[in-house]
Amino acid sequence: MVGLERELSGKPAGLRTNILICLGATILTDLSVVIAQSVPNNGDPGRIAAQIVTGIGFLGAGTILQTRGAIHGLTTAATIWVVAAIGMLIGAGSFLAAAGTTAMVMLVLSVLGRFEDYVLSRRRVRGTIRLALEVPVSEIREILQDNGLRIDTFDVRETKRSRVVDVRVHGSSSSLRSAAEELDDHDGVLSLDLS
C-alpha cells in the first residue's frame, strides 16, 4: 500500500522498492530470531535487526539530494525507514502493530499531504533565480505558472554574466516543490533560492 502510494505520486522509491525493503527487513528479522533460538545462552536476536537500521540508513541517505541549495527526498528517505520498521514488525510476529503502522503511514502520506496543501495553499515565498544570459525570462515565468503558482512580483536585472530574477509567489507546498524541482533541472538555471 505504501509503495503503491509512492508510485502513484511519482516518487523514486515506488512499489517494487518498498516491497523489497519490507521483505528484506522481514526476512532478516525472522532470521535473527531463528539464529538466537538455535544458539542457547549466546543468541541475541537484536544483533541482525540492529544492522537493518544501519543498512536502511544508507539506503535512505542515497535518496536525499542536495542540488543548488534545495534538498529533495526527505519524505522518501523517511518512508524507506518506516517501511523497513514495518518489515521488522512482521518478522518479529507483531502483525497487528505492522498493520496499524501501515495505516498511519498511509494517513500521513495521502490524507495529511492533501491537508497540508489545503492549509498552506496561500503560502508566500520570495526567491532569487540566477539564469544564463541566453535563457528567456518568459520560460521561468511559464514554469512558475504551469506549476500552479501565482506571481506577485517578477523583477529582472542583468549582470555581466547572468540574469537575476527576483520573484515573490504564492501557492501550495506541492506547487512550490514541483516548481523548484523543474527549475532545478533546467540547464539554464545557475542558482535557485525559493524559500
Side-chain angles (χ1 to χ4, degrees), residues 1-121 123 147-148 172-185 194-195:
M1 288 171 59
V2 173
L4 184 60
E5 191 281 335
R6 296 279 82 194
E7 189 80 41
L8 294 174
S9 297
K11 302 302 177 186
L15 181 62
R16 292 181 301 164
T17 304
N18 278 282
I19 288 173
L20 291 173
I21 289 166
C22 188
L23 182 61
T26 300
I27 291 167
L28 289 170
T29 303
D30 190 41
L31 179 64
S32 68
V33 171
V34 169
I35 290 173
Q37 290 172 348
S38 66
V39 181
N41 300 330
N42 207 14
D44 179 9
R47 290 179 70 191
I48 293 176
Q51 299 309 310
I52 296 170
V53 177
T54 304
I56 290 300
F58 281 109
L59 189 59
T63 65
I64 300 172
L65 303 172
Q66 181 178 5
T67 50
R68 297 182 185 149
I71 297 175
H72 307 284
L74 289 173
T75 303
T76 298
T79 303
I80 286 171
W81 186 64
V82 78
V83 164
I86 292 169
M88 292 173 74
L89 283 168
I90 295 168
S94 299
F95 303 113
L96 188 59
T101 304
T102 301
M104 287 296 294
V105 170
M106 293 303 297
L107 180 73
V108 167
L109 291 176
S110 57
V111 177
L112 204 56
R114 288 190 203 111
F115 177 73
E116 179 184 31
D117 283 345
Y118 175 76
V119 169
L120 299 176
S121 63
R123 186 172 168 206
N147 281 288
S172 68
S173 293
S174 61
S175 295
L176 287 165
R177 267 193 309 272
S178 61
E181 287 173 5
E182 190 172 341
L183 287 168
D184 196 45
D185 291 339
L194 274 179
S195 54

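Distance check, rounded to the nearest 0.5 Å: CD1 of Ile21 to CD1 of Ile56 gives 5.0 Å. Rounded to the nearest 0.5 angstrom, Leu23 CG and Asn18 CG are separated by 12.0 Å. Remark: Asp184 CG to Arg177 CZ distance equals 14.5 Å, nearest 0.5 Å. In this structure, OG in Ser110 is found 8.5 Å from CE in Met1, a value given to the nearest 0.5 Å. Of the inter-residue distances, the one linking Leu20 atom CG with Leu15 atom CG reads 9.5 Å to the nearest 0.5 angstrom.
Minimum interatomic distance between Ser178 and Asn147 (heavy atoms only, all atoms of both residues): OG-OD1, 3.0 Å. In terms of heavy-atom proximity, Ile48 sits nearest to Leu28 at CG2-O, 3.6 Å. For the residue pair Ile90 and Cys22, the shortest heavy atom distance occurs at CD1-SG, 4.0 Å.
A heavy-atom distance below 4.5 Å is not found between the side chains of Val83 and Val105.
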